[in-house]
Amino acid sequence: MAFGKFYYIPCRCQLALKSRMDLDVVNMFVIAGGTLAIPILAFVALFFLWPSVLIKIYYWYWRRALGMQVRSARHEDYQFCYSFRGRPGHKPSILMLHGFSAHKDVWLSIVKFLPKNLHLVCVDMPGHEGTTRSPLDDLSIEGQVKRIHQFVECLKLNKKPFHLIGSSMGGAVAGVYAAYYPSDIGSLTLVCPFGLQYTMETPDLLQLEGTQNLDTIEKSHLIPSTAEEMSEMLQFFSYVRLKVPQQILQGLVDVRIPHNNFYRKLLLELIKEESRYCLHQNMDKIKVPTQVIWGKQDQVLSASGADILAKSITNCQVELLENCGHSVVVEKPRKTAKFIVDFLASVYNTDNKKLD
């Protein structure tokens, strides 16, 4: 009997202890599940209710992951917003200029594949994103070139020649910059640049050419105001048929809509003859080694522009991308980054491994 009681009491303690341990395990899973549920619920809420906020968070996270820091620089009362990685060294710094209605973060897909020991700078173009938007600003290609020169002076990027990259509108600005400030530039990459004169324009540009009619501007693929129009713009810019969720399309539109009046004003400025053919009129003044990258299936700006540039710029090499439209930096980032690294290695007589 005594032995029975002796063994019986510890058995009850063991059961109580086991029950408590089971409860602790359940609580642990409940807490862990709750902890996981919060970000999941937040993501779902953002995705369905505030997709534009989700897009901003995405770019913020991507910048951090790639080591890009955001800063501002001032020239008198004008502020430039830019991101950068690395510091100036014996290798040339790289300045990247984005296209119409884009922003500095569009280059992140390229930055991902560029060596970490390069000094990279991506600036918001005049009036875009974090850079000052002034009603008095000259938004012509020439006016933007002068603004970018002010930015270069602020950062002292031109203490020694740097490599300049520009895409689309930014390509026109980059090309004209190289013509106007040749001592600043060591080499140049133009990605499907705007500003050339073709024997046959693309239909969308033909429709816009010479117009000052806002109704015509509204019908352009370049200024979407609904999710459906945003989808059409993405298809127009890309060779690959992108399947983007409706919520993300709406988020992309929501981010753009507050800026659409500015984009209309800028587009009206760009299609004036002095800007429309600005690169064409200055391309023979470009004397630095130049690389032209173009998507063969570009529907916005004809890839025949690559041949026009190659015939006018003495030291020019052309890279045409198969199965690629106007959005080169988005559609073919790895290939484009490799072209740039190989080009820099050839211009500066550097082994690719030293750029890694």
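In what follows, every heavy atom counts, from backbone to side chain, and hydrogens, waters and symmetry copies are set aside.
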Results of side chain to side chain contact (heavy atoms under 4.5 Å, CB included) for T226 - residues two or more places apart only: E228, E229
Where the side chain of D184 meets the backbone of N158, is there a donor-acceptor pair that is under 3.5 Å apart? no
Main-chain N/O of Y239 paired with E331 side-chain donor or acceptor, under 3.5 Å: yes
Which heavy atom of V123 sits nearest to which heavy atom of H98, and what is that distance? O-CD2, 3.4 Å
From M96 atom CE to L120 atom CG, the distance as rounded to the nearest 0.5 Å: 5.0 Å
Shortest non-hydrogen separation from S187 to V347 and the atoms involved: CB-CG1, 4.2 Å
How long is the gap from CD on E273 to SG on C278, to the nearest 0.5 Å? 11.0 Å
Smallest heavy-atom separation, Y198 atom then L301 atom, equals OH-CB, 4.0 Å
Determine, step by step, whether E322 and Q297 satisfy the side chain to side chain contact (heavy atoms under 4.5 Å, CB included) criterion, reporting the C-alpha distance in whole Å, the side-chain angles of both residues, the deciding distance to 0.1 Å, and the verdict. CA-CA 7 Å; E322 293 283 356; Q297 285 73 35; 4.2 Å; yes
Any residue meeting side chain to side chain contact (heavy atoms under 4.5 Å, CB included) with R241, in chain and number order, not counting sequence neighbours: Q235, Q299
Between W294 and V318, is the side chain to side chain contact (heavy atoms under 4.5 Å, CB included) condition met? List the steps. CA-CA 8 Å; W294 219 304; V318 172; over 6 Å; no
How many angstroms lie between atom CG of L164 and atom CD1 of I94, to the nearest 0.5 angstrom? 10.5 Å
Interatomic distance, CG@L190 vs CG@L97, rounded to 0.5 Å, equals 10.0 Å
Any chance you could measure L268, atom CG, to L139, atom CG, to the nearest 0.5 Å? 10.5 Å
hydrophobic_cluster_shared for I257 and L252, side chain cutoff 4.5 Å: yes
Considering only heavy atoms from C-beta outward, does the side chain of T189 approach that of H163 to under 4.5 Å? yes
Under the ring pair (Phe, Tyr, Trp, His ring centres under 6.0 Å) test, residues paired with Y82 that sit two or more places apart: F151
Hey, does the side chain of E129 reach the backbone of H103 with a donor-acceptor pair shorter than 3.5 angstrom? no
For residues R147 and Q150, is any side-chain donor paired with an opposing acceptor at under 3.5 Å? yes
Between L188 and G175, what is the shortest heavy-atom contact and its length? CD2-CA, 4.2 Å
Salt-bridged, K272 to E269, with N to O below 4.0 Å? yes
Please confirm whether the backbone N or O of V288 pairs with a side-chain atom of T290, one donor and one acceptor, at under 3.5 Å? yes
Would you give the length of the straight line joining atom CG of L279 to atom CD1 of I308, rounded to the nearest 0.5 angstrom? 9.5 Å
More than 12 heavy atoms from other groups under 6.0 Å of CZ on R74: yes
Under the criterion side chain to side chain donor-acceptor pair (under 3.5 Å), I'd like the reasoning laid out for H326 against S168: C-alpha separation, chi angles, the key distance, then a yes or no. CA-CA 8 Å; H326 189 67; S168 197; 2.9 Å; yes
Just wondering, do R264 and I223 contact through their side chains at under 4.5 Å, heavy atoms? yes
Keeping K160 on the side-chain end and L157 on the backbone end, is there a donor-acceptor pair under 3.5 Å? no
Could you tell me whether the side chain of Q197 and the main chain of Y277 form a donor-acceptor pair under 3.5 Å? no
Please check this pair: side chain of E319 against backbone of Q291, looking for a donor-acceptor N/O pair closer than 3.5 Å. no
If the condition is salt bridge (Lys or Arg N to Asp or Glu O under 4.0 Å), which residues does K311 pass it with, not counting sequence neighbours? D307
Could you go through V240 and N323, starting from their C-alpha distance and side-chain angles, then the distance that decides it, and tell me whether this counts as side chain to side chain contact (heavy atoms under 4.5 Å, CB included)? CA-CA 7 Å; V240 178; N323 302 323; over 6 Å; no
Co-members of the apolar cluster containing W60 [side chain, <4.5 Å]: Y61
For F162, what residues pass the ring pair (Phe, Tyr, Trp, His ring centres under 6.0 Å) criterion, not counting sequence neighbours? none
Contact between F80 and D124 at the side-chain level, heavy atoms closer than 4.5 Å - yes or no? no
Taking every heavy atom of P289 against every heavy atom of G186, the minimum-distance pair comes out as CD-O, 3.5 Å
In this structure, would L320 and V329 fall into the same cluster of hydrophobic residues linked by side-chain contacts under 4.5 Å? yes
Name all residues meeting the ring pair (Phe, Tyr, Trp, His ring centres under 6.0 Å) criterion together with F84; count only those two or more places apart in sequence or in a different chain, and write none if there are none. none
Pairwise side-chain contact, D254 with Q250, heavy-atom cut-off 4.5 Å (strictly under): yes
Residues T132 and S134: side-chain donor-acceptor under 3.5 angstrom: no
Between V253 and V244, is there shared hydrophobic-cluster membership here, with clusters defined by ILVMFWY side-chain heavy atoms closer than 4.5 Å? yes
S140 (side chain) donor-acceptor with S275 (main chain) under 3.5 angstrom: no
Can you tell me if S167 uses its side chain to pair, donor with acceptor, with the backbone of G99 under 3.5 Å? no
Consider side-chain contact (heavy atoms from CB on, under 4.5 Å). Of L321, I340, V328, which one does V191 pass it with? V328
Side chain to side chain donor-acceptor pair (under 3.5 Å) against H128, all qualifying residues, sequence neighbours excluded: none
With side chains defined as the heavy atoms from C-beta onward, is the minimum distance between M125 and M169 less than 4.5 Å? yes
Looking only at non-hydrogen atoms, find the nearest pair between C122 and K104 and report the distance. O-CB, 3.6 Å
Pairing residues for K159 by the salt bridge (Lys or Arg N to Asp or Glu O under 4.0 Å) criterion, not counting sequence neighbours: none
Quick one: do D138 and K146 make a salt bridge, cutoff under 4.0 Å? no
Measuring only between side-chain heavy atoms, which start at C-beta, is L249 closer than 4.5 Å to M233? no
Side-chain hydrophobic cluster, 4.5 Å single linkage: members besides V70: none
Ring pair (Phe, Tyr, Trp, His ring centres under 6.0 Å) with W62: which residues, sequence neighbours excluded? Y58
Keeping the roles fixed (side chain from T336, backbone from K332), state whether a donor-acceptor pair exists under 3.5 Å. yes
Taking the six-membered ring for Trp, are Y177 and H149 parallel (under 30°), tilted (30 to 60°) or perpendicular (over 60°)? tilted
List for me each residue that meets side chain to side chain donor-acceptor pair (under 3.5 Å) alongside S101, sequence neighbours excluded, and say none if there are none. R256
Set out, in order, the CA-CA distance, both residues' side-chain angles and the distance that settles side chain to side chain contact (heavy atoms under 4.5 Å, CB included) for W107 and L114, then state yes or no. CA-CA 11 Å; W107 293 107; L114 290 176; over 6 Å; no
Any heavy-atom pair between the side chains of H119 and K91 that's under 4.5 Å? no
